[in-house]
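Chain A is the first sequence line, chain B the second, and so forth, proteins listed ahead of strands; every chain is numbered from 1.
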Protein chains: 2
Amino acid sequence: MVEQPQSALDGVFHALADPTRRAMVHQLASGERTVSELAEPYAMSLAAASKHVKVLEGAGLIHREIEGRVHRCSLEREPLVRALSWLRTYTDFWDARLDALDDLLNAENDDDRH
Amino acid sequence: MVEQPQSALDGVFHALADPTRRAMVHQLASGERTVSELAEPYAMSLAAASKHVKVLEGAGLIHREIEGRVHRCSLEREPLVRALSWLRTYTDFWDARLDALDDLLNAENDDDRH
DNA sequence: CGGTTGCTCAACCATATGGTTTATAATTGC
DNA sequence: GCAATTATAAACCATATGGTTGAGCAACCG
């Protein structure tokens, strides 16, 4: 499988597209959790929750530390930052466009540089 | 319960999970595009591209203006901001944890809250 | 008018996804 | 050793997704 820089975002956004997985991220934000702990809030089998954890892990969003029979999961910041950066590119661009419009509307000078 | 409208994020993250759709967002960042223009760079049928546009529209990421037979699409900022905010919650939280750790390492007091 | 363009819709197909249940492996505890 | 706990794997199912082709429709053009 050829991993292109964009395909990393595929996994991250896809992982975050599921409300259960986002809720798991939320849980992990307050500290490490075992798979059982992550699964506990949801009306689904442990196996199903385990799959969600696997998707999050595959996207790099969590790190798994195996301690005996317990799998302890923790949040990884980097993929979140990468997704954030991607989004910011476009929200910032929009801001820039709005700013430019604002500049035009409030124009004191017509300094037109890019 | 930080987030009730989680289903809105479902659509946004799902839409952004596809590289074609992210590329379309990229195209739209530099201005309005017709469906044909959005479809042109990709090795897929217009119908397929049209579906992608529909997904983006369904997620609220683009607005469609019909001018005669031409559908002119423009980027909507708000869903991007919403996704960004969601992500920032967790990257910021991480920062906070690192800050807290930093505080611990430099500890002068054992303030023990989270 | 008739042809072409821009786009969507419908039907279809292969694969992915999210869930289930049952089975299995490894660890822990009595 | 045996039983319970923690978690994954495997098989299965329904639905969603992303693509195709072909039809159809409205709008522009000559």
From the options [options], select the nucleotide whose nearest atom is closest to the side chain of [X].
{"X": "A:M44", "options": "D:dT6, D:dT20, C:dG19", "result": "C:dG19"}
{"X": "A:H14", "options": "D:dT6, C:dT17, C:dT20", "result": "C:dT17"}
{"X": "A:A47", "options": "D:dA7, C:dT17, C:dT21", "result": "C:dT21"}

Measure from [atom1] on [X] to [atom2] on [N] and round the result to the nearest Å.
{"X": "B:E65", "N": "C:dG6", "atom1": "CD", "atom2": "P", "value": "19 Å"}
{"X": "A:L16", "N": "C:dG18", "atom1": "CG", "atom2": "C1'", "value": "17 Å"}
{"X": "A:R22", "N": "C:dG18", "atom1": "CZ", "atom2": "P", "value": "12 Å"}
{"X": "B:L46", "N": "D:dG19", "atom1": "CG", "atom2": "P", "value": "13 Å"}
{"X": "A:R72", "N": "D:dA7", "atom1": "CZ", "atom2": "P", "value": "9 Å"}
{"X": "A:H71", "N": "D:dT5", "atom1": "NE2", "atom2": "P", "value": "17 Å"}
{"X": "A:D18", "N": "C:dG19", "atom1": "CG", "atom2": "C1'", "value": "11 Å"}
{"X": "A:I66", "N": "D:dA7", "atom1": "CD1", "atom2": "P", "value": "10 Å"}

Among residues at least two apart in sequence or on other chains, which ones pass salt bridge (Lys or Arg N to Asp or Glu O under 4.0 Å) with [X]?
{"X": "B:R69", "result": "none"}
{"X": "B:E57", "result": "B:R64"}
{"X": "A:E78", "result": "A:R82"}

Validation: residues 40-55 of chain B side-chain donor-acceptor distances under 3.5 Å, sequence neighbours left out:
{"unit_1": "B:Y42", "atom_1": "OH", "unit_2": "B:Q27", "atom_2": "NE2", "d": "2.7"}
{"unit_1": "B:S45", "atom_1": "OG", "unit_2": "B:A48", "atom_2": "N", "d": "3.1"}
{"unit_1": "B:H52", "atom_1": "ND1", "unit_2": "B:R21", "atom_2": "NH1", "d": "3.1"}

(message) Once ring pair (Phe, Tyr, Trp, His ring centres under 6.0 Å) is applied, do any residues pair with B:H26, and if so which ones, sequence neighbours excluded?
(response)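 Counting only residues at least two positions away or on another chain, B:H26 forms a ring pair (Phe, Tyr, Trp, His ring centres under 6.0 Å) with A:Y90.
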(request) Between protein and nucleotides 25-30 of chain D, map the contacts as a letter string: B base, S sugar-phosphate only, - none, heavy atoms under 4.0 Å, written 5' to 3'. (result) --BS--
(request) In plain terms, say whether A:R72 and A:E67 are close enough for a salt bridge, that is, a side-chain N and a carboxylate O under 4.0 Å apart. (result) yes
(request) Using a heavy-atom cut-off of under 4.0 Å over every strand shown, decide if A:R21 touches base, sugar-phosphate, or nothing. (result) sugar-phosphate
(message) Contact between B:R33 and B:L28 at the side-chain level, heavy atoms closer than 4.5 Å - yes or no?
(response) yes
(message) side-chain contact (heavy atoms from CB on, under 4.5 Å), that's the test. Do B:C73 and B:V35 meet it? Break it down for me.
(response) CA-CA 7 Å; B:C73 303; B:V35 173; 4.2 Å; yes
(message) For the CD1 atom of B:I62 and the CG atom of B:L75, what is their distance to the nearest 0.5 Å?
(response) 8.5 Å
(request) Ignoring backbone atoms, establish whether A:S45 has a side-chain N or O less than 4.0 Å from OP1 or OP2 of C:dG19. (result)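 Indeed not, no polar side-chain atom of A:S45 lies that close.
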(message) Please list, in numerical order, the residues of residues 50-63 of chain B that have a heavy atom closer than 4.0 Å to any atom of DNA chain C.
(response) B:S50, B:K51, B:K54
